[in-house]
Each structure stands twice: as structure tokens, then as C-alpha cells.
S.K.: 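Handing you a structure now.
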Amino acid sequence: MSDLTKDSDRLIQEARIVRDDNRAGGRHRREGSIGQGSAGLRTKHFTKKLIQLAIGFVGILIAAGVAGAILNGIGFWGIMITFLLMALLFGGVMSQKIKVPKRVDINKGNVQQMVSRTELWLEHQRPALPPPAAKIVEDMGVQLDALGLQLEGVDQGHPKAREVRQLVGEQLPEMIDSYQKIPAHMRTEERAGSTPDMQLTQSLGNISKEIDSITRQLAEGSLDDLAIKHRYLDYKFGEGVESTPALENKS
């Protein structure tokens, strides 16, 4: 059973290496994550799989050990069956793909989590978009990351939180849904001086600008708070700090 234990330890260690690579951003970028929000959801999903593997491996090893104790050893075929079960478990767990949020489930729960779910949803819509629109979506990932950071700690009933829900949780996915319902051969047909591809790209550009605007407005609130605190501390302690050397000279 010692060789079996070493192999299970090796598999777990290899899984940990992949996990660490994920956290560093390598695999996320290879898989096409557009931002850290969706990458974080992927990391949680991968961590969950690691836990499933660890529990499964331990269970198999315990079962093999109990069988060996009862049967006075499990023999060659017992070891092969144990390896097979571990391989099947590894393949089954690692083949589990992250669940993509459904369109109707995006705008639920915490607004910051909603932004991350939108990132993940956008990743899977990107291949169906025209190249200019796909590029905007890719760049939008960074914007959504910044927006998510600004939303941390913001009350769910805050006007800006409601505005983000409407823009990112409703208007953005609804627009892409409407585009995808158009037959592929009609998306490049000009109508009233524009095509669906052009309209989508322009609309995504407008949403991108609005996301940046909201992020800046939230950041300005934080900057104002910092400036107020700075002025308060300067008023309360500024003169005292400056007068300290004078007092020391008198002494």
C-alpha cells in the first residue's frame, strides 16, 4: 500500500500545482478569462474539485486498506482496481466544467457578485460576437474588475448599485441576447444605414464608457472621504505636530 499512497500523494501535488498556476493567472488567461472576477469564480470551482479529489482518494485508500486487512492483502488485482478507481475519479472530477450562469440568474444576489457572474457569462458569449465587439468585451473585463472593487462595501440599495444592476445585469446581457437571436447571415446586412454587427459594437462601446463613468463616480466618493479625513487630521493634529520642535527647543 506504500506505493499506492505515494501515487495518490503525487496526483494531489500535481493538482495543487495546477491550482497555484490558476491563482497566478496563467491558466485563466489560456482559457480566455476576461477579468479577475470570472477568474476568481474559476479558482473557486477548481478548489472545489481539489477537495472532491482529496476526499475521494482518501476514501478509496481507506476502503483498500480495510479490504486488505480483512483479506490479508488485496494482491495485484486489488491494487490495479484501486488504481483504476482513482484514475476514474480523477478523470471524472477534472472533466467537470464550471457552470456558466444562465441569463435569468445573472442579476441576483450581491451586486459585486453579479458583476463577476456577468464577466463569466460574457466570456462564453464572446466567440459568437463580431471581432470588434469581442475586443470590447475582452477589455470590458478589466473595467468590470475595477467596478467590482469600487462596489465592495457599497450598500445594495445605493443608487449606484441599482444603476449597476440595470446596466450590467440587465441591459448588457439583454443586448447580446437580442443580437444572438438574429440569424448569422443577417448580422452583416445593412438596414437603415447600419448592420446588427455595427449596432452591437457601438452599443457595447457606449456601455463600456458608462461602466467607466460609474466606476469613476464611485472612486470620487472614496477620494472625497479620504480628503475629508485628511483635512480633519491636519486640523486636529497638524499644529500640534508642527509645534513640537518649538517646545523641545524651549526645554
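Keep in mind that the numbers below use all heavy atoms, side chains included, and drop hydrogens, waters and symmetry copies. Keep in mind the model is a prediction, meaning the values are calculated, not measured.
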S.K.: If Ile, Leu, Val, Met, Phe, Trp and Tyr residues are connected whenever their side-chain heavy atoms lie under 4.5 Å apart, and connections chain through other members, are Phe46 and Leu89 in the same group?
M.R.: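 Phe46 clusters together with Leu89.
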
S.K.: Is there a chain of hydrophobic side chains (I, L, V, M, F, W, Y, each step under 4.5 Å between heavy atoms) that links Val154 to Leu147?
M.R.: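 Hydrophobic grouping puts Val154 apart from Leu147.
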
S.K.: For the CD atom of Glu119 and the CD1 atom of Ile106, what is their distance to the nearest 0.5 Å?
M.R.: 11.5 Å

S.K.: For Ser208 and Gln143: C-alpha separation, side-chain torsions, deciding distance, then whether side-chain hydrogen bond (donor to acceptor under 3.5 Å, both in side chains) applies.
M.R.: CA-CA 8 Å; Ser208 175; Gln143 291 181 304; 2.6 Å; yes

S.K.: Answer yes or no: is there a donor N or O on one side and an acceptor on the other, between the side chain of Thr82 and the main chain of Gly78, under 3.5 Å?
M.R.: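 Yes: the side chain of Thr82 pairs with the backbone of Gly78.
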
S.K.: Please round to the nearest 0.5 Å and tell me the distance separating atom CD1 of Ile81 and atom CD1 of Ile60.
M.R.: 12.0 Å

S.K.: Would you say that Ile79 contacts Ile74 through its side chain, given a criterion of any heavy-atom pair below 4.5 Å between the two side chains?
M.R.: yes

S.K.: Passes side-chain contact (heavy atoms from CB on, under 4.5 Å), Val115 versus Asp145? Steps please.
M.R.: CA-CA 8 Å; Val115 170; Asp145 285 340; over 6 Å; no

S.K.: Measure the shortest side-chain to side-chain distance between Met94 and Leu53 over non-hydrogen atoms and say whether it is less than 4.5 angstrom.
M.R.: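 A side-chain contact under 4.5 Å exists here.
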
S.K.: Looking at residues at least two apart in the chain, or sitting in another chain, which of them share a salt bridge (Lys or Arg N to Asp or Glu O under 4.0 Å) with Glu174?
M.R.: Arg103

S.K.: Any salt bridge linking Asp139 with Lys135? Criterion: basic side-chain nitrogen under 4.0 Å from a carboxylate oxygen.
M.R.: yes

S.K.: Are the side chain of Arg126 and the backbone N or O of Glu138 linked by a donor-acceptor pair below 3.5 Å?
M.R.: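 It does not hold such a pair.
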
S.K.: Hey, what do you get for NE2 (His158) to CG (Leu151), rounding to the nearest 0.5 Å?
M.R.: 9.5 Å

S.K.: Decide whether Met140 and Met198 are clustered together by the hydrophobic rule: side chain heavy atoms of Ile, Leu, Val, Met, Phe, Trp, Tyr closer than 4.5 Å, transitively.
M.R.: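 Met140 does not cluster with Met198.
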
S.K.: If every non-hydrogen atom of Pro130 is compared with every non-hydrogen atom of Thr201, which pair is closest and at what distance?
M.R.: CG-OG1, 4.4 Å

S.K.: Membership question, hydrophobic clusters at under 4.5 Å side-chain separation (ILVMFWY): are Ile176 and Val104 in the same one?
M.R.: no

S.K.: Are Leu85 and Leu50 in one and the same hydrophobic cluster, where Ile, Leu, Val, Met, Phe, Trp and Tyr link if side-chain heavy atoms are under 4.5 Å apart?
M.R.: yes

S.K.: So, applying side chain to side chain donor-acceptor pair (under 3.5 Å) with Gln156, which one of Arg162, Arg165, Gln112 is it?
M.R.: Arg165

S.K.: Ion pair present between Lys160 and Glu163, side-chain N to carboxylate O less than 4.0 angstrom?
M.R.: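 Counted as a salt bridge, because a side-chain N and a carboxylate O are separated by less than 4.0 Å.
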
S.K.: Just wondering, do Lys44 and Lys48 contact through their side chains at under 4.5 Å, heavy atoms?
M.R.: no

S.K.: Between Leu144 and Leu122, is any pair of side-chain heavy atoms under 4.5 Å apart?
M.R.: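 Yes, close enough: below the 4.5 Å cut-off.
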
S.K.: Could you measure the distance from the OG atom of Ser178 to the CE atom of Met175? Nearest 0.5 Å is fine.
M.R.: 9.0 Å

S.K.: So how far is it from Leu200 CG to Thr195 OG1, rounded to the nearest 0.5 Å?
M.R.: 9.5 Å

S.K.: Please report the C-alpha distance between Asp212 and Arg216 in whole Å, then the side-chain angles of each, then the deciding distance to 0.1 Å, and finally whether the salt bridge (Lys or Arg N to Asp or Glu O under 4.0 Å) criterion is met.
M.R.: CA-CA 6 Å; Asp212 183 65; Arg216 289 179 179 275; 3.0 Å; yes

S.K.: Once rounded to the nearest 0.5 Å, what's the spacing between atom OG1 of Thr215 and atom CD of Gln217?
M.R.: 9.0 Å

